[in-house]
Amino acid sequence: MRKLMRFTTGLAILAVLLAVTLSLLLLSTQETEDLTLTLSDRKVTDVRAVHLTNATGTLQVGMAEGGYVIEDLPSEHVDIKQFIDFLGACADIRHLPLVVKKPDNLAVYGLDAPRAVLNVEYTDGATISLSLGMQEPISGDSYCTAEGHDGVYLIESEQADFFLLAKNDLLSLWVTPELALSSALSALQDVTFVFKDRPSPIVILSVQAGNDAVKSAAISFGAPTHLVLSAGLYELDATYGLQVLAPLCGMRGTTIVEQHLTSELEKEYGFDDPWLDVSFGYQNSAEEGMRYVLRFQPAGDDSSLFYVNVKGSPLVYMINRQPFMDIEFEKLLLRWFLSPLLMDVNAIDIEMPESHRTFVLDQENPREPSATMDGEPLAIDRFRLLFRLLGSAASDGRLLPAKEQPDEAPLMTITYRYPGEKHDDVMALYPEEDRRVRVYINGISEFSMKESFVTRVSEALEALDKDEDFDITW
């Protein structure tokens with residue numbers, strides 16, 4: 001009986017202790033809640049209007065026709081992500097820790113002359129007004145006060161930074177849209193660089209976006225993405241092409257220096273006669289492509305910074321020097337003169353002063369193509385080896401002044417013939433000094449190459465006559 005009474009008494013004492021503990025926890029929670037301030041716990045779309053004043057000036061935002069208007073900022077140039085984050089900072093202002101309940105001197109916290117004053121109106125009719133003081137030295141958070149509340153509170157630096165923004169900070173720094181495709185060469189169409197100090201423009205043609213003539217010309221080079229126009233036509237070197245062309249996609253300025261470009265200001269910046277003008281098509285998605293014209297002017301004597309304007313846009317950006325500003329034309333051109341795919345060729349003629357060979361490729365059955373040399377059967381693997389040798393004709397990359405083809409007979413002429421309406425490609429080789437040959441492609445010459453190529457092709461033809469092996473390195 002005594003044991004039962006002791007047990008019952010023990011339970012009663014435990015119940016009292018639990019009740020006391022719970023009361024203390026509730027009091028503690030109440031005290032903690034009293035030490036923080038929640039001004040708003042809302043969603044971004046609950047913000048109706050914002051009026052912000054800080055050292056940079058004023059910023060006003062208001063709802064209009066299902067969206068928002070930011071004073072006189074052009075809506076198409078607003079950084080949507082930055083703007084949504086800004087509205088989020090205005091919509092969700094919670095759990096601001098209390099620093100002092102009734103301050104004697106607001107100047108101690110930099111609140112006698114606030115760094116920013118924020119007024120927000122919400123769609124439910126509620127409003128808040130918050131003043132931002134100096135930073136707390138240890139945490140880096142900022143002191144603040146709110147209308148209707150006596151205390152000084154802290155607001156996290158990440159949120160306070162939004163209330164120190166300048167109006168222009170809500171403008172996008174993207175000069176051109178961020179690249180959405182896997183490669184810049186997939187998005188860029190025809191590109192033209194016009195340098196003020198260069199005699200002629202640099203023109204790069206897109207095969208995919210090109211007309212029938214461009215697509216036909218591209219067959220001479222296999223499956224290129226772009227062609228480079230000079231006196232002749234060349235395949236774009238994709239490696240160097242990406243290096244200089246990729247910065248056109250998703251180009252981002254460092255700052256915006258002008259948001260209301262007028263015709264008078266265009267002349268002041270020099271955009272009426274730019275140092276560099278770049279025009280290009282930008283097919284960044286399945287949607288209709290855009291055409292851009294970028295105008296660049298040096299912003300200082302050392303040419304490390306440039307002003308840039310998209311023609312038709314009111315914005316002027318500052319941007320660092322870009323790789324295409326130092327473009328080397330010769331590097332744009334792939335060194336191989338002609339490199340068609342085997343499937344696109346139906347005959348090849350090789351002519352020299354003492355001989356003439358005609359190779360015909362029958363590809364009626366793509367899985368089992370056959371070849372002939374001067375009408376006689378030729379093993380397809382040997383024809384493919386010769387085809388590789390002919391396709392290896394390449395320059396040393398040194399662009400020469402364009403030169404007309406001489407009237408006399410060349411050392412060697414190689415003619416690629418294609419089915420359909422595609423015109424023949426003719427490569428004529430003429431002797432030069434230093435064991436080199438001048439190369440003419442369809443009558444146009446801007447490059448030379450080693451004479452050993454002619455020697456190797458001659459040796460290969462002799463080997464085919466004798467059914468012997470031959471070397472394709474030269």
Side-chain angles (χ1 to χ4, degrees), residues 219-223 232 234-235 333-397 405-406 408-419 422-474:
I219 295 174
S220 304
F221 308 100
Y234 302 90
E235 181 179 355
L333 315 180
L334 201 63
R335 294 176 52 225
W336 286 267
F337 292 111
L338 294 169
S339 52
L341 300 175
L342 186 63
M343 69 177 73
D344 291 328
V345 176
N346 65 358
I348 297 176
D349 288 332
I350 303 176
E351 186 174 359
M352 293 180 290
E354 68 280 4
S355 65
H356 185 171
R357 293 283 185 275
T358 298
F359 298 87
V360 177
L361 186 62
D362 183 352
Q363 301 193 78
E364 187 175 350
N365 183 354
R367 293 186 177 182
E368 296 183 6
S370 61
T372 62
M373 182 177 71
D374 295 335
E376 297 296 325
L378 177 67
I380 191 64
D381 59 334
R382 294 177 68 73
F383 176 79
R384 286 193 176 113
L385 194 61
L386 176 67
F387 189 78
R388 285 174 55 195
L389 171 59
L390 300 180
S392 69
S395 76
D396 55 10
Q405 186 168 341
E408 62 265 23
L411 286 174
M412 179 178 288
T413 302
I414 300 171
T415 303
Y416 291 88
R417 304 191 187 280
Y418 307 93
K422 159 73 173 166
H423 63 74
D424 296 346
D425 282 318
V426 180
M427 179 167 63
L429 309 178
Y430 287 81
E432 273 198 330
E433 296 178 351
D434 301 323
R435 297 181 180 179
R436 306 190 67 77
V437 291
R438 185 82 182 213
V439 182
Y440 291 81
I441 303 295
N442 300 322
I444 297 171
S445 176
E446 295 179 282
F447 291 96
S448 61
M449 68 174 173
K450 293 179 181 179
E451 189 183 51
S452 54
F453 173 80
V454 177
T455 304
R456 278 288 179 267
V457 174
S458 298
E459 292 173 350
L461 296 179
E462 291 179 11
L464 289 175
D465 286 336
K466 300 174 182 178
D467 196 22
E468 294 176 352
D469 293 335
F470 57 90
D471 189 3
I472 65 172
T473 60
W474 51 277

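As a basis for the values below, the full set of heavy atoms in this structure was taken, side chains included, without hydrogen atoms, waters or symmetry mates.
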Quiz prompt | Side-chain touch W474/T455, heavy atoms, less than 4.5 angstrom | solution = no
Quiz prompt | Test applied, side chain to side chain contact (heavy atoms under 4.5 Å, CB included); reference residue, R357; option that passes from L386, V457, D465 | solution = D465
Self-check item: For L389 against A460, the heavy-atom pair lying closest together
Solution: CD2-CB, 3.8 Å
Quiz item: Aromatic rings F383 and F359: how do their planes relate, parallel, tilted or perpendicular, breaks at 30° and 60°?
Solution: tilted
Exercise. Kindly give the heavy-atom pair with the smallest separation between M449 and S395, and that separation in Å.
Key: CB-CA, 4.4 Å
Quiz item: Can D396 and R335 be counted as an ion pair, charged N to O under 4.0 angstrom?
Solution: no
Quiz item: Hey, what do you get for CG (L341) to CZ (F221), rounding to the nearest 0.5 Å?
Solution: 12.5 Å
Quiz item: Closest approach of S220 and Y418, non-hydrogen atoms and distance?
Solution: CA-OH, 4.0 Å
Quiz item: Does the gap between the ring centers of Y234 and F447 come in under 6.0 Å?
Solution: yes
Quiz item: Is the CD atom of E433 crowded by more than 12 outside heavy atoms at less than 6.0 Å?
Solution: no
Quiz prompt | Gap separating the CG atom of D349 from the CZ atom of R417, nearest 0.5 angstrom | solution = 4.0 Å
Quiz item: Closest approach of G232 and E446, non-hydrogen atoms and distance?
Solution: N-OE1, 3.2 Å
Quiz item: Is there a side-chain contact between N442 and V426 (heavy atoms, below 4.5 Å)?
Solution: yes
Practice problem: Would you indicate whether D469, at its atom CG, is surrounded by more than 12 heavy atoms from other residues, nucleotides or ligands within a distance under 6.0 Å? | Solution: no
Exercise. Return the minimal non-hydrogen interatomic distance between M373 and L464, and the atom names on each side.
Key: SD-CB, 4.1 Å
Quiz item: When rounded to the nearest 0.5 angstrom, what is the spacing between CD1 in I414 and CD1 in I441?
Solution: 8.5 Å
Quiz item: For the residue pair S458 and M352, what are the closest heavy atoms and their distance?
Solution: OG-SD, 3.3 Å
Self-check item: R456 side chain vs L390 backbone, donor-acceptor pair below 3.5 Å
Solution: no
Quiz item: When rounded to the nearest 0.5 angstrom, what distance separates CD in Q363 from CG in N346?
Solution: 8.5 Å
Quiz prompt | D362 side chain to A371 backbone, donor-acceptor under 3.5 Å | solution = no
Exercise. Answer yes or no: is there a side-chain heavy-atom contact under 4.5 Å between F337 and V439?
Key: yes
Quiz item: Is it true that atom CD of E364 has more than 12 heavy atoms of other residues, nucleotides or ligands lying nearer than 6.0 Å?
Solution: no
Quiz item: How would you list, by chain and number, every residue that makes a side chain to side chain donor-acceptor pair (under 3.5 Å) with K450, sequence neighbours excluded?
Solution: none
Practice problem: Check whether any side-chain N or O of D471 sits under 3.5 Å from a backbone N or O of T473 as a donor-acceptor pair, and report yes or no. | Solution: yes
Quiz item: Side-chain contact, heavy-atom cut-off 4.5 Å: M427 with D425?
Solution: no
Practice problem: Could you check if a side-chain atom of T415 sits within less than 4.5 angstrom of a side-chain atom of E351, using non-hydrogen atoms only? | Solution: no
Exercise. Rounded to the nearest 0.5 Å, what's the gap from CZ on F387 to OG on S392? Could you check?
Key: 11.5 Å
Self-check item: Side chain proximity check, S370 to T372, heavy atoms < 4.5 angstrom
Solution: no
Quiz item: In Å and rounded to the nearest 0.5 Å, what is the CG to CE distance from L361 to M343?
Solution: 11.0 Å
Quiz prompt | Side-chain donor-acceptor contact under 3.5 Å, E408 with Y430 | solution = no
